[in-house]
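To start, the structure itself, in structure tokens.
Predicted model only: the values in this text are computed from it and were never measured.
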Number of protein chains: 2
Amino acid sequence: MTTQEEKTRRAELITAASRLFKEQGYERTTVRDLAQAVGMQSGSLFYHFRTKEEMLVAVMAAGIGELTDRLEEALAEAKTPLEKLKTVFRVHLDTLLGDDKGALSVLLYEWPSLSDKARTELIKLRDAYERDWQQVLDEAAAAGLVHSDTRLLRKLLLGGLHWTIQWYKADGSSSPKELADRMLELVLKK
Amino acid sequence: MTTQEEKTRRAELITAASRLFKEQGYERTTVRDLAQAVGMQSGSLFYHFRTKEEMLVAVMAAGIGELTDRLEEALAEAKTPLEKLKTVFRVHLDTLLGDDKGALSVLLYEWPSLSDKARTELIKLRDAYERDWQQVLDEAAAAGLVHSDTRLLRKLLLGGLHWTIQWYKADGSSSPKELADRMLELVLKK
DNA sequence: CCTACCGATCGGTAGG
DNA sequence: CCTACCGATCGGTAGG
């Protein structure tokens with residue numbers, strides 16, 4: 001049986017792991033770093049997780065899960081194809097550049113560290129998110145708002161949005177929301 | 001003095017390192033893997049490179065250097081803004097998805113493994129490449145071919161193009177060149 | 001969750 | 001470029 005305290009401790013570990021994996025990368029983060037971040041001994045980690053990789057999977061699943069939840073919640077309130085289009089851009093950049101404590105960045109950049117089995121599991125979660133995007137793009141294309149090659153458009157856009165963590169500075173000129181709107185402009189058919 | 005044989009050996013090591021770093025990642029590749037790939041003892045690596053990181057820098061510098069050379073060569077033959085635009089897309093995807101033996105992928109995804117000093121050096125090389133892109137986009141915008149927010153457009157496009165290694169399959173429907181043309185279509189103002 | 005520890009492996013070096 | 005090696009560190013475990 002899993003007690004409430006164990007769940008809390010586990011959640012703390014995932015939060016710490018998100019931050020550390022983002023800052024230092026998964027491979028360069030040691031189990032000792034992780035343990036120290038929550039004030040326990042390194043051996044005690046393995047009471048909560050069987051392996052270090054299990055922590056990575058938990059972080060990545062949390063990242064994509066929260067992103068998908070946010071998107072579907074926001075989409076439920078959007079009416080027109082244009083509103084929905086704005087929503088997918090904004091939620092993505094808001095989450096990635098604004099509120100993300102690391103889980104989402106880790107999701108994007110640590111795929112090579114996963115075992116095949118774990119990868120398969122996470123791909124399913126990622127696909128659910130991309131399906132939501134696809135649907136919004138298809139509606140937008142039907143309304144003449146964007147180019148009709150929506151599958152490639154989705155890939156181009158998601159790549160371009162993912163890449164923002166490499167250059168976006170929070171102190172800069174644009175907020176994530178403004179940036180989202182400007183990026184949408186670039187592919188909108190007038 | 002550096003003899004011809006030493007240069008050759010060094011080049012072999014860089015080639016092997018490109019492949020291994022791409023396949024396994026820099027952190028997961030050991031000096032023993034690298035030595036074995038060229039048939040030497042692990043200690044002997046350090047006759048050619050002072051540290052493992054120096055090998056990473058060499059790989060990344062080779063990746064961005066070759067890409068920039070190719071681009072400038074191809075641009076010299078392009079006349080119109082539209083031709084130049086096609087060229088930057090094609091050279092990028094051709095190199096990344098077609099001929100790259102790993103150096104370019106490593107360049108894109110191993111930044112976090114670099115020391116600050118090495119990073120600064122490589123950023124200069126990368127900026128030279130991006131300046132070429134910027135110039136082509138500016139000309140295209142002046143000719144009314146693309147959106148005028150060319151700085152953001154450059155970032156969106158380079159991100160989207162970089163990301164193709166995550167999903168492109170060589171056996172698939174489109175060649176790198178065809179893919180380049182289709183992607184360009186997505187941001188072309190009609 | 002801690003204590004105490006292990007076997008494996010890591011990047012790198014000295015001396016030839 | 002090889003031989004022989006080193007100190008440090010790694011993920012993980014047994015027993016409580």
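In this pair, A/Phe21 and A/Tyr26 present their aromatic rings perpendicular. The plane angle is above 60°, beyond the 30 to 60° band.
For the pair A/Arg154 (side chain) and A/Gln135 (backbone), a donor-acceptor distance under 3.5 Å is absent. Between the side chain of A/Arg119 and the backbone N or O of A/Trp111 there is at least one donor-acceptor pair closer than 3.5 Å. Counting only distance, with no hydrogens or angles, the side chain of B/Lys84 and the backbone of B/Glu139 share no donor-acceptor pair below 3.5 Å. B/Glu54 places a side-chain N or O within 3.5 Å of a backbone atom of B/Arg50 that can act as its donor or acceptor partner.
Rounded to whole Å, atom P of C/dG11 lies 18 Å from atom CZ of B/Arg50. The distance between atom CD of B/Glu53 and atom P of C/dC10, rounded to the nearest whole Å, is 19 Å. The separation between A/Leu45 atom CG and D/dG11 atom P is 10 Å, rounded to whole Å. Rounding to whole angstrom units, CZ of residue B/Phe46 and P of C/dG12 are separated by 5 Å. In this structure, B/Phe49 atom CZ and C/dT13 atom C1' are separated by 18 Å, rounded to whole Å. Counting to the nearest Å, the P atom of C/dG11 and the CD atom of B/Glu54 are 15 Å from each other. One atom, NZ of A/Lys52, and another, C1' of D/dG12, lie 12 Å apart when rounded to the nearest Å.
Judged by distance alone, the side chains of A/Gln134 and A/Thr150 do bring a donor and an acceptor atom under 3.5 Å apart. Side-chain atoms of B/Glu110 and B/Ser113 include a donor-acceptor pair closer than 3.5 Å. B/Asp100 and B/Ser105 form a side-chain donor-acceptor contact under 3.5 Å, judged by distance and modelled atom types alone. A donor-acceptor pair shorter than 3.5 Å can be found between the side chains of B/Glu53 and B/Ser115.
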Practice item. Give the B/S/- string for nucleotides 1-8 of chain C, one per nucleotide from 5' to 3', where a protein heavy atom under 4.0 Å of the base yields B, of only the sugar-phosphate yields S, and otherwise -. Key: BBB-----

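With a 4.5 Å cut-off on side-chain heavy atoms, B/Lys86 and B/Leu184 count as touching.
Near DNA chain D, defined here as any heavy-atom distance below 4.0 Å, there are no residues from residues 14-28 of chain B.
Counting only Watson-Crick and G-U wobble pairs whose two key distances fall under 3.5 Å, DNA chain C forms stems of three or more stacked pairs at C:1-16 with D:1-16.
Shown are A/Arg9, A/Glu12, A/Lys7; of these, the side chain to side chain contact (heavy atoms under 4.5 Å, CB included) with A/His48 is made only by A/Arg9.
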